[in-house]
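Structure first, then comments.
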Amino acid sequence: GDDDSDDNRNIDTGRLEADAADRGAEPAERGADDELDGDLGELASRFDLDDTETFDDDGFLARRGEIIALSADAALSRRASALGLQVVEQELLASLNATVYRLSVPAAAPIDGILARLRAQDPNGVFDRNHLYDRSAAASASINASAGPSRALISAADGITVGLIDTGVDVLHPALHGTHVQMQYFVDGSRVLPEAHGTAVVSLLVSPRFGMLPGAQLYVASVFYEDRRGGSLSEARDLVRALDWLMERRVPVINMSLSG
């Protein structure tokens, strides 16, 4: 009986020592986490996020509670469900031979831990938060219409195909008369879609009056919407879909105007 009592005391002491060691580490860890949460909270407050937006641990803007997955694994939906995720949307991307998924993460679930599990289960897939990207600095609104393209550029542009991922384009703008522009929208039609930046970039590229590549065939993927702060944002999912559309058309060169 005494031996059993001694064994129990030894085991209990070991557990107590382990618990004490764990408790000794917790305040520092909690302090670091609290400091990070505070920094991100302050950043979110200054940025005036809406309820669907958040910052990841590195300070990058993302859609709250969403993961984007690009995978050729037919079992991904089942594995996502087993992790408590809901498949909100999925779309086959033929040029990439994969499917893009938009996954909803429960509010209390650890999104970084879930991402780690998904990546471990499918090493060939791509998994990340549904990050939001701002368009790059605005193209110059003042274009020198008197400076026409050189004869060398006009000749070289014949037969060239170029892709552009940007805002929408005002195809009725006078500077674009006679251009070869095909546009596809990858944004929810209920949103306000900007056109100024894309129109300026397209003009600089293919305008017969002053474009660098007049006569080129231009494919434009419109991926940006106006946010409530007066800027323009695009989701990672829409960028992937836009790239797939351009790859299907065998576009050899793609200009992307974004930051984030």
Would a distance-only check, ignoring hydrogens and angles, find a side-chain to backbone donor-acceptor pair under 3.5 Å from N130 to A236?
yes
Can you tell me how far OH of Y219 sits from CG of L164, rounded to the nearest 0.5 angstrom?
13.5 Å
With sequence neighbours left out, the residues meeting side-chain hydrogen bond (donor to acceptor under 3.5 Å, both in side chains) with N255 are S257
Return the minimal non-hydrogen interatomic distance between L49 and R229, and the atom names on each side.
CA-NH1, 3.9 Å
What residues, two or more places apart in sequence or in another chain, satisfy side-chain hydrogen bond (donor to acceptor under 3.5 Å, both in side chains) together with D51?
none
Answer yes if the side chains of D244 and S95 hold a donor-acceptor pair under 3.5 Å, and no otherwise.
yes
Tell me the ring-ring contact (aromatic ring centres under 6.0 Å, His included) pairs involving residues 167-193, sequence neighbours left out?
F186-W245
Start with the C-alpha gap between E226 and L193, add the side-chain angles, then the distance that decides, and say whether side chain to side chain contact (heavy atoms under 4.5 Å, CB included) holds.
CA-CA 6 Å; E226 290 186 6; L193 308 182; over 6 Å; no
With sequence neighbours excluded, residues passing salt bridge (charged side-chain N to carboxylate O under 4.0 Å, His left out) with R241
E91, D238
Tell me, please, which residues at least two apart from A69 pass side chain to side chain contact (heavy atoms under 4.5 Å, CB included).
L76, Y101, L103, F127
Tell me, do L258 and R135 make a side-chain contact under 4.5 Å, heavy atoms counted?
no
Transitive ILVMFWY side-chain link F55 to I111, under 4.5 Å
no
Is there a donor-acceptor pair under 3.5 Å between the side chain of S207 and the backbone N or O of A175?
yes
Set of salt bridge (charged side-chain N to carboxylate O under 4.0 Å, His left out) partners for E66, sequence neighbours left out:
R102
Quick one: list whatever passes side-chain hydrogen bond (donor to acceptor under 3.5 Å, both in side chains) with D128, sequence neighbours left out.
none
Spatial distance of atom CG (D166) from atom OG1 (T199) [nearest 0.5 Å]
9.0 Å
Using the rule given for side chain to side chain contact (heavy atoms under 4.5 Å, CB included), can you reason through L246 versus I165, listing the C-alpha separation, both sets of side-chain angles and the distance that settles it, and then say yes or no?
CA-CA 9 Å; L246 292 171; I165 296 180; 3.7 Å; yes
Quick check: closest heavy atoms across P106 and L85, and the distance to 0.1 Å?
CD-CD2, 4.2 Å
Quick one: side chain to side chain contact (heavy atoms under 4.5 Å, CB included) partners of S81, sequence neighbours excluded?
none
Does some side-chain heavy atom of E235 sit less than 4.5 Å from a side-chain heavy atom of L132?
yes
Could you state whether M212 and L176 fall into the same hydrophobic cluster, counting links through intermediate Ile, Leu, Val, Met, Phe, Trp or Tyr residues with side-chain heavy atoms under 4.5 angstrom apart?
yes
State, with a plain yes or no, whether a side-chain heavy atom of D188 is found less than 4.5 Å away from one of Y225.
no
On a heavy-atom basis, which atom in S234 and which in V223 lie closest, and how many Å separate them?
OG-O, 3.0 Å
Should E89 and V100 be marked as a side chain to side chain contact (heavy atoms under 4.5 Å, CB included) after you check the CA-CA gap, both sets of side-chain angles, and the distance that decides it?
CA-CA 8 Å; E89 292 177 323; V100 61; over 6 Å; no
Suppose we screen for salt bridge (charged side-chain N to carboxylate O under 4.0 Å, His left out). Which residues come up paired with D112, at least two apart in sequence or across chains?
R129
Is it the case that one hydrophobic cluster holds both L70 and L118, taking links as side-chain heavy atoms less than 4.5 Å apart, direct or via other members?
no
Do the non-hydrogen side-chain atoms of L93 and L243 ever get within less than 4.5 Å of each other?
no
Is there a side-chain contact between L205 and V202 (heavy atoms, below 4.5 Å)?
no
Among residues at least two apart in sequence or on other chains, which ones pass side chain to side chain contact (heavy atoms under 4.5 Å, CB included) with D50?
T52, E53, R228
Donor-acceptor pair, distance only, cut-off 3.5 Å: does the side chain of D170 make one with the backbone of L172?
yes
Search all heavy atoms of G168 against all heavy atoms of S222 and return the closest pair with its distance.
N-OG, 3.3 Å
Heavy-atom pair of closest approach, residues V181 and T179:
CG2-OG1, 3.5 Å
For the hydrophobic clusters of this structure (ILVMFWY residues joined by side-chain heavy atoms under 4.5 Å, transitively), does one cluster hold both V187 and L233?
yes
Side chain to side chain contact (heavy atoms under 4.5 Å, CB included) involving N97 - partner list, sequence neighbours excluded
none
Do the side chains of S104 and V88 get nearer than 4.5 Å, heavy atoms only?
yes
Return each pair, listed once, that meets side chain to side chain donor-acceptor pair (under 3.5 Å) where at least one residue sits in residues 114-123; pairs must be two or more places apart or across chains.
S71-D122, R79-Q121
Within one Ile-Leu-Val-Met-Phe-Trp-Tyr cluster: L218 and I160, side-chain cutoff 4.5 Å
yes
Side chains of L96 and M247, heavy atoms from C-beta outward: is any pair under 4.5 Å?
yes
Please name the pair of heavy atoms, one in T167 and one in P194, separated by the smallest distance, quoted to 0.1 Å.
CB-O, 3.4 Å
Mind checking whether R63 and R237 have side chains closer than 4.5 Å, heavy atoms only?
no
